[in-house]
There are 2 protein chains.
Amino acid sequence: MAQAGTVDRILDTAEVLFAQKGFAETSLRAITSKAGVNLAAVNYHFGSKEALIQAVFERFLTPFSAALGAKLDEMEATGTPDTPENVLGIVFRLALGTHPEDPQRAAIFFRLSGQAYSQPQGHLRDYLHKHYGAVFKRLQEHLQRAVPSVPPMELFWRVQFSLGAVIFTLSGMQSLQAISKADFNLDVSAADITRRLLPFLVGGIQADVPE
Amino acid sequence: MAQAGTVDRILDTAEVLFAQKGFAETSLRAITSKAGVNLAAVNYHFGSKEALIQAVFERFLTPFSAALGAKLDEMEATGTPDTPENVLGIVFRLALGTHPEDPQRAAIFFRLSGQAYSQPQGHLRDYLHKHYGAVFKRLQEHLQRAVPSVPPMELFWRVQFSLGAVIFTLSGMQSLQAISKADFNLDVSAADITRRLLPFLVGGIQADVPE
DNA sequence: CTGTGTTCAAAACATACGTTTCAAACATAC
DNA sequence: GTATGTTTGAAACGTATGTTTTGAACACAG
């Protein structure tokens with residue numbers, strides 16, 4: 001990030017600020033001044049603030065969903081059994097490991113996802129669903145094979161619940177870490193939390209369906 | 001809401017708009033014009049927009065946490081066993097039933113909570129934790145008695161995961177309903193979702209803790 | 001009535017925002 | 001070296017926001 005081009009400096013900075021303070025609360029002036037570029041550069045290179053936001057997500061999600069697709073390919077090729085642990089484990093290791101050189105990057109990833117999902121009118125959510133829905137659906141099919149006794153409709157919602165648990169928790173990690181520290185005098189990392197998440201989600205996903 | 005006072009008309013309208021579009025995206029002018037009151041009324045009665053937001057939450061959460069406390073009292077008095085189903089069931093029935101005359105109110109409740117939690121800098125989250133942390137802690141103690149084999153620290157995080165699943169899902173219900181309708185051609189209500197949520201959360205909360 | 005404190009209404013204020021403009025600087029090809 | 005297309009810089013534009021001001025309308029006690 002030291003001497004990257006204007007476009008990348010904008011993306012790097014916007015990514016951090018968006019994750020930190022949200023989309024509406026982050027002004028282009030805040031981004032450009034912190035990035036050391038001119039204010040007009042955003043509209044010149046991206047067209048609008050909205051387009052900047054989408055560009056930030058694209059840079060994040062395109063490699064992620066590609067890697068996820070590759071991992072699913074590998075799983076099918078090697079005949080790895082479709083267990084909830086295996087399927088969810090792939091996602092977590094990927095989310096935590098997309099940028100191993102920068103551990104904070106994972107937190108930014110989740111916070112950004114949370115921002116996108118909780119975005120009120122939800123056009124970003126629709127955008128994500130449209131561009132990355134295919135990989136997501138594939139993931140869900142593997143999960144379905146892992147828990148065949150759970151009806152598809154039920155599984156759909158359980159995946160949503162899981163998404164909520166993951167994104168919500170990771171996206172609010174800062175405050176939660178402070179509370180956890182106050183109540184238990186313990187520090188936790190994103191990796192810690194995901195390690196705790198896995199059994200919780202597996203338990204929820206394969207729970208018995210009432211009558 | 002027909003001919004209530006200015007203060008209540010502002011609160012009623014702000015509540016709906018905040019839930020619909022978020023805090024930053026809802027202007028005082030939008031609130032006051034829809035409420036049919038003068039723009040200056042907000043600053044006159046509440047002091048600032050920030051104070052308005054807190055007032056909206058207070059009107060919501062004070063009765064809710066009081067009712068929750070009462071239900072927990074009742075549970076202790078009648079000796080109802082501390083099972084995950086019982087404890088979580090209380091919360092859900094309460095959240096869905098605080099205003100039986102207005103079923104949409106429950107959705108607003110969850111959407112507002114989601115907005116508060118995903119609020120970037122999290123001062124609202126801190127505010128909530130400060131004002132309603134006591135009832136929350138009591139709830140957690142009951143849960144702890146329900147699953148004594150889960151260490152407190154682990155349970156703390158599982159409650160956070162559950163919160164995430166609930167708030168995140170309910171707060172994004174609109175979009176999710178559309179997806180669910182497209183993929184399964186089925187309508188779902190908030191009550192439907194919570195019915196599906198309960199076994200998921202119970203399964204997650206009482207899952208085995210790895211080594 | 002009269003006076004006093006409260007509430008409302010209309011307008012103005014100050015500020016911050018996204019966006020646009022336009023000229024200068026730069027790079028690259030001819 | 002000049003010309004051309006691209007990128008940057010500084011400033012301005014138009015708009016929307018939260019807030020403040022000022023005075024009128026009102027309620028009600030003395």
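Heavy atoms only: backbone and side chains are in, while hydrogens, waters and symmetry mates are out.
Secondary-structure stems of DNA chain C, taken as three or more successive Watson-Crick or G-U wobble pairs (i with j, i+1 with j-1) under a 3.5 Å distance threshold, comprise C:1-30 with D:1-30.
Relative orientation of the B/Phe18 and B/Phe23 rings is perpendicular, given thresholds of 30° and 60° on the angle between their planes.
Atoms NZ (B/Lys21) and P (D/dA16) sit 13 Å apart, rounded to a whole Å. Here the P atom of nucleotide C/dC17 and the CG atom of A/Leu52 are 15 Å apart, to the nearest Å. As rounded to whole Å, 15 Å separates atom P of C/dG18 from atom CZ of A/Phe46. For the pair A/Leu28 CG and C/dT20 P, the interatomic distance rounds to 12 Å; values are reported in whole Å. One can place CG of B/Asn43 at 8 Å from C1' of D/dT20, the figure rounded to the nearest angstrom.
A side-chain contact (heavy atoms from CB on, under 4.5 Å) with A/Val37 is found for exactly one of A/Val42, A/Val7, A/Ile31, A/Thr6, namely A/Thr6. Screening B/Phe109, B/Tyr132, B/Phe110 for a ring pair (Phe, Tyr, Trp, His ring centres under 6.0 Å) involving B/Phe60 leaves a single residue, B/Phe109.
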Taking only nitrogen or oxygen atoms into account, show me every contact under 3.5 Å that the protein makes with nucleotides 22-24 of chain D, one pair per line with its distance.
none

Checklist line | Heavy-atom protein contacts under 4.0 Å, nucleotides 6-13 of chain C, coded B base, S sugar-phosphate only, - none | finding: SBSBB-B-

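Using a 4.0 Å cut-off between a side-chain N of Lys or Arg and a carboxylate O of Asp or Glu, B/Arg195 and A/Glu154 do not qualify as a salt bridge.
Residues B/Phe92 and B/Leu201 are in side-chain contact: their nearest non-hydrogen atoms beyond the backbone lie under 4.5 Å apart.
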Next item on the list: Could you please spell out the steps behind the salt bridge (charged side-chain N to carboxylate O under 4.0 Å, His left out) verdict for B/Lys34 and B/Asp12?
Entry: CA-CA 10 Å; B/Lys34 183 159 189 176; B/Asp12 288 336; over 6 Å; no

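Side-chain atoms of B/Glu76 and B/His142 include a donor-acceptor pair closer than 3.5 Å.
B/Thr32 comes within 4.0 angstrom of no nucleic acid atom, judged by non-hydrogen atoms across all strands.
When the side-chain nitrogen and oxygen atoms of A/Ser27 are compared with OP1 and OP2 of C/dC17, one or more of them lie within a distance under 4.0 Å.
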